[in-house]
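As the structure is a computational prediction, the values presented were derived from the model and not from experiment. Lettering of chains follows the sequences in order, A, B, ..., and the numbering in each one begins at 1. What you see below is based on every heavy atom in this structure, not just the backbone, and it leaves out hydrogens, waters and symmetry mates.
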There are 2 protein chains.
Amino acid sequence: MALDDANWFTEVCDEGGTAFSLRIREKLHEEQSDYQHIAIYETETFGRLMVIDGFIMLTDRDNFLYHEMMSHPALYTHPAPRRVLIIGGGDCGTLREVLKHPEVERADQVEIDERVTQLAEEYFPTLTDANDDERAGLHFGDGIEWVRRSEDNSIDVIIVDSTDPIGPAEGLFDVAFYQECARALSSGGIFVQQSESPLYHTRLLGEIHNGLREAGFLDVLSLHFPQPVYPSGWWSATMARTDDLIGEPREDDIRDRPFTTQYYNYGTHMGALAAPEFFYRSLNGG
Amino acid sequence: MALDDANWFTEVCDEGGTAFSLRIREKLHEEQSDYQHIAIYETETFGRLMVIDGFIMLTDRDNFLYHEMMSHPALYTHPAPRRVLIIGGGDCGTLREVLKHPEVERADQVEIDERVTQLAEEYFPTLTDANDDERAGLHFGDGIEWVRRSEDNSIDVIIVDSTDPIGPAEGLFDVAFYQECARALSSGGIFVQQSESPLYHTRLLGEIHNGLREAGFLDVLSLHFPQPVYPSGWWSATMARTDDLIGEPREDDIRDRPFTTQYYNYGTHMGALAAPEFFYRSLNGG
């Protein structure tokens, strides 16, 4: 059946040759910010939906998958994550998950577009409910510049929670940026970046792995997890460490975590690290 | 953007409030069989596509996920799977994976609609290339009746590779059918059934778990895996055993398997068994 624009929001994924649609009730908001086009919809079954430049960013219903997997695996891999930097992440969902960790003393978020955060506060209040935590620092500006100005060995975990590697986020997938991250990370520091679909963006994932190694990261691993509203319904985050193997996560702390999750636990953490055969072969030139 | 019917095949998922579309080049075939409406398309990026009653059954590009996860976890959980029964599975992709296991002496497939298999042979020849294996038995008829007529303790692994639990496949989700399966399974026997989306069909999954336990299965576990062309892009299979805990799979045999896979390996097997928090809570009434 043909889908009309009045009742559906549709995102076409050209590289996948696919499209994904959500049934909508109404458009709640639309604007052109200084950086991008932002729209908010009320959907029939996924709660609210944020769209940037025509690409689905998040919905109420399934953002837990992405936000939990962008934060908890990295934080539970680091032995004692005290200083966290989030690049992008303007909807504040990753920040909220990061601040659930009692070890975190400071979480700075550097989002380029303040309007994303203002709209999240208005339309997705559950995502921003940790913004007034005294450990949180909300900054609006260039994340690459922020890392460049950071002191050596000053950050324990860097989370790159960006849009796709086109437009404003392109520089976040460069070796030069990775080198600055490696420099700014402390001993044992963990870097993690959203890294697109394992099925559609296998080549990009290879480039991310190679770029991180070229920038001096010693160990690089991708996490795989479901994300229904993103192209292919399957997404990844790529984790890296400069000075040693990434190693095992803190299993006991994960099992005794003092907060609730909807997807994340020790099993799904380890499961996300299990590379499918085709992915493993692709990274090894097979 | 609106998607036209000339260039896209679109499946609407009412319970999800979502739709998934594949860009198509042409419709290759269409017919009303004795049981259902079957259509075959050539897509732009997913190879060929089979659609039954408007629901996507499989594509060339991503069927490996479903077929590998419907077969290898069950077969590597059973200590010595010699006699395998597949209910449904008319495209023969699951049968092909089953026959990769050298321990299998006999694999019977009971599909209700012979046209599905004939069309698979014509349009998806890579899926049917094991059909002339002398261990394979292709039967066309009622799978429920086949199990009812099977002797006690005569089957090692039963794989229910069916369409959704509406229409012809409805009886395959009944306690009465599960009881017959439990009776027909040998000691150590493993049952596995496709069990829909973990996100959209959480209640159905609970009913499947309860139904299997009511029918006498002692242990029931669901496997979760990506499946881009199915609703939510995330799918499940549910495995059960009558006489003991399901237990660990044969890790050494998995690692030394004498065939190639695209998704399946020991890591993805164990990862698929890791239940997301919300799923675990749902099954436990949380």
Please state whether the side chain, the backbone, both or neither of B:Ile24 comes within less than 4.5 Å of a heavy atom of chain A.
neither
Under the 3.5 angstrom rule, does the side chain of A:Thr45 hit a backbone N or O of B:Gly16 as a donor-acceptor pair?
yes
Straight-line distance of B:Arg281 CZ to A:Thr260 OG1, nearest 0.5 Å:
6.0 Å
Interface check, chain A: of B:Pro228, B:Gly271, B:Gly233, most non-hydrogen pairs under 4.5 Å belong to B:Pro228
Please name the pair of heavy atoms, one in A:Arg257 and one in B:Glu277, separated by the smallest distance, quoted to 0.1 Å.
NH2-CD, 3.3 Å
Is the shortest side-chain N to carboxylate O distance from A:Arg23 to B:Glu15 below 4.0 Å?
no
Heaviest contributor of heavy-atom pairs below 4.5 Å to chain A, chosen from B:Ser21, B:Ala6, B:Gly267, is B:Ser21
Using a cut-off of under 4.5 Å on heavy-atom pairs, state which of B:Ala19, B:Ser197, B:Cys13, B:Ala274 scores highest against chain A.
B:Ala19
Could you check whether any side-chain heavy atom of B:Asp62 comes within less than 4.5 Å of a side-chain heavy atom of A:Trp234, counting everything from C-beta outward?
no
Are B:Trp8 and A:Val12 side-chain neighbours, meaning at least one heavy-atom pair lies under 4.5 Å?
yes
Which one, B:Phe278, B:Tyr263, B:Phe64, leads in non-hydrogen pairs under 4.5 Å with chain A?
B:Tyr263
A:Asn265 (side chain) donor-acceptor with B:Pro276 (main chain) under 3.5 angstrom:
no
Tell me, for A:Tyr264 versus chain B, whether the close heavy atoms (under 4.5 Å) come from the side chain, the backbone, both or neither.
backbone
Straight-line distance of A:Leu199 CG to B:Phe46 CZ, nearest 0.5 Å
5.5 Å
Against chain A, label B:Ala272 side chain, backbone, both or neither, depending on which of its atoms sit under 4.5 Å from a heavy atom there.
neither
Identify which part of A:Glu44 has an atom lying under 4.5 Å from any heavy atom of chain B, answering side chain, backbone, both or neither.
neither
Chain B contact via A:Leu273 - side chain, backbone, both or neither, heavy atoms under 4.5 Å:
neither
Which of B:Thr268, B:Val229, B:Asp4 touches chain A most, by non-hydrogen pairs under 4.5 Å:
B:Thr268
